[in-house]
Amino acid sequence: MPLLDVKDVNVAYGDVQVLYDLSISVEEGEVVSIIGGNGAGKSTLLRTISGLLSPASGTIDFNGVGTHDMAPDGVVNTGLIQVPEGRRLFSLMTVKDNLMAGAHNEAAYAAREETLREVYEMFPRLEERQSQLAMTLSGGEQQMVAIGRGLMAKPKLLMLDEPSLGLAPVLIKEIFQTIRSIADKGLTVLLVEQDVNHSLELSERGYVLEHGRIAMQGKAEKLLVDPYIKEAYLGI
Amino acid sequence: MDLVFFAQDCINGVLMGLIYGLVALGLTLIFGVLKVINFAHGSFIMVGMYVSYWAVTLTGLHPYLALGIIVPAMFLFGYWIQNLLIRPIFIAERDVREPITVIVVTTGMWYVLDNLALLVFGPDYRALSPNPLKGQMLNFGEIFISVPKLYGAAAAVATAGLLFWFLQKTRMGRAIRATSLDRDAASLMGINQWKIFNIAMGIGTAVAGVAGAVLTPFYNVYPTVGIPFDVKSFVIVVLGGLGSIWGALVGGVIIGLVESIGPIFMTSTWTEAIVYGLFLLVLFVKPSGLFGQKHDW
Ligand SMILES: Nc1ncnc2c1ncn2[C@@H]1O[C@H](COP(=O)(O)OP(=O)(O)OP(=O)(O)O)[C@@H](O)[C@H]1O
Ligand SMILES: [Mg+2]
């Protein structure tokens, strides 16, 4: 049984349906990418998995537990953690308080000091800036805080929504390397991206999301050389 | 001689101003987290004063010791009101960050609470008894300081300090700040938004209870006693900056000083005009209040 199993999910904002009979799954230890253009429904999918939206129909199971009718805090308690699009830091809180806010669920709170040390080891720059307000950080540093804050929640599966958004090319490379190294430590990752090349390169599998439906799926290396993807997403 | 009067008025103004700040503190906290103006705030102060009055009358405790009863009672009152009356609106208007309906409901609460007080307690003006602080004065040469106001001012600073510490240093405080800054992001961190709203409303109401305990030793209790405090609280909160704890105290002191020093130079109708003039000036020049940011915590 997959760690995360999304089955036939339909999601609408009011009368506007955005996701149609959508199914994806993620196995334990995998890195899976969801790629798709603007407005395809990627963030909607992650918001639904996190319990910010509830599906009109369909099921979501995580670790064998049905999460589709849970509130966001319930979903977090199961170990399913999202780093949202646009970082969404607590702008007027310090870097350290942002990270600590990530360790709100009981299990994470008990381990907070230890996890904080690990996060600071991964991002030494954040330790230097721990008492600075989050809004005063550069875009790259803010993304580090966003990822660090997600890690502070002790995820079993980490979902990242467009972590490369708005970053300079060098920083994009760095962020993807960081994600790869997080995955290498054994964490399961579901990555949502428009940067098709980078994200598929570090993933085992991928899904292509178009107009709220899965248009294509398969092994990442196959998708990378697929003529349709090359034309539609890589502009080759 | 004149200088003594002036010093006397300044001291009175600062003390009363800090108490005004305490009165406004709950309003600013609730706004900071829920982003909703609680039009029933004055009624919460009124409820706080009646709870203090009865806590002291029934137990014979010193009003400041009675805080041990008043604070938890008021916390539960606020928590319950948010959970039962305001939360359903937030849920119904899920996509609206600052639903107007909440303002309608809090205005309704104002009428209901004030009239309920009239129904239950009658229109009488009630003076606290036993009142160990009644009419007590400290006297430094020609300057007299009211003891209940001095205690009240100290309680105001202590309450603000405690609230600031709680928001800055505790796990729950951090969760409250996170929710006030970004509800969805806080939810994604496993913070239960509704629980935070209940607790913030409970704390804001408990602070109104502290204000009630501070006021009753020198201010009579009656059903519409909250109304002047309501209006003042709005002015103070706008002056100091919506959501700002220290801004509330500073705003309170400004109002207190205008009210106490003003009458030396002009008739007291004019001091009212100055208060509202300041209010409008701040709205025009610096709508975020004197304490600039969205929040200082
Ligand atoms: N709150 C909302 N209310 C109504 N419609 C929405 C809302 N949020 C998103 N949508 C619509 O749902 C569709 C999918 O949006 P979504 O944000 O999931 O796309 P996305 O794939 O994440 O895009 P992007 O790459 O630009 O972030 C879009 O057509 C969008 O306009
Ligand atoms: Mg998106």
Side-chain angles (χ1 to χ4, degrees), chain A residues 13-14 43 46-47 49-54 70-94 96-110 112 131 133-135 145-146 148-155 158-161, chain B residues 28-29 31-33 35 83 87-88 90-97 164-200 241-247 288-289 291-297:
Chain A
Y13 294 101
S43 300
L46 290 200
R47 289 168 63 78
I49 296 174
S50 282
L52 287 172
L53 297 169
S54 17
M70 282 186 186
D73 55 316
V75 175
V76 166
N77 287 337
T78 67
L80 191 47
I81 309 296
Q82 178 183 166
V83 176
E85 182 177 80
R87 338 206 197 290
R88 301 291 286 269
L89 299 184
F90 305 119
S91 54
L92 293 171
M93 285 165 60
T94 62
K96 188 174 177 190
D97 275 353
N98 265 276
L99 294 173
M100 280 303 191
H104 188 82
N105 71 78
E106 290 306 326
Y109 190 73
R112 66 192 183 283
S131 20
L133 291 188
M135 63 188 280
V145 178
R149 187 177 64 175
L151 292 174
M152 288 298 292
K154 286 252 153 227
L158 189 66
M159 303 186 283
L160 299 130
D161 194 347
Chain B
T28 212
L29 176 80
F31 179 84
V33 181
K35 314 296 176 211
N83 199 36
R87 187 172 81 141
F90 272 111
I91 291 177
E93 301 198 25
R94 193 178 276 287
D95 299 330
V96 192
R97 187 159 164 275
F164 190 75
W165 170 85
F166 169 76
L167 290 169
Q168 284 296 328
K169 299 292 177 199
T170 67
R171 178 189 186 187
M172 179 56 70
R174 198 159 45 221
I176 292 176
R177 280 188 289 148
T179 306
S180 84
L181 290 168
D182 190 332
R183 288 172 197 172
D184 277 358
S187 296
L188 290 179
M189 298 302 113
I191 296 168
N192 183 332
Q193 177 189 338
W194 308 117
K195 197 171 135 194
I196 296 293
F197 280 13
N198 289 349
I199 288 171
L242 278 163
S244 162
I245 290 175
W246 301 112
S288 57
F291 277 61
Q293 272 177 335
K294 276 189 274 179
H295 303 281
D296 63 351
W297 40 271

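Naming: A, B, ... by sequence-line order, numbering from 1 per chain.
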Tell me whether the guanidinium CZ or amine NZ of A:Arg112 lies under 6.0 angstrom from the six-membered ring centre of A:Tyr109 and within 45° of its axis. yes
Heavy-atom cut-off 4.5 Å, strictly under: side chain, backbone, both or neither for A:Asn105 against chain B? backbone
Heavy-atom distance under 4.5 Å to chain B: side chain of A:Glu85, backbone, both or neither? neither
Exactly one of A:Leu52, A:Val75, A:Val76 should register a side-chain contact (heavy atoms from CB on, under 4.5 Å) with B:Ser187. Which one does? A:Leu52
Structural part of A:Arg149 lying under 4.5 Å from a heavy atom of chain B: both
Closest non-hydrogen atom pair between B:Ser180 and B:Gly32, with its separation: CB-O, 3.2 Å
Which portion of A:Met100 sits near chain B, non-hydrogen atoms under 4.5 angstrom: both
Are B:Lys195 and A:Asp73 within salt-bridge range, i.e. N to O under 4.0 Å? no
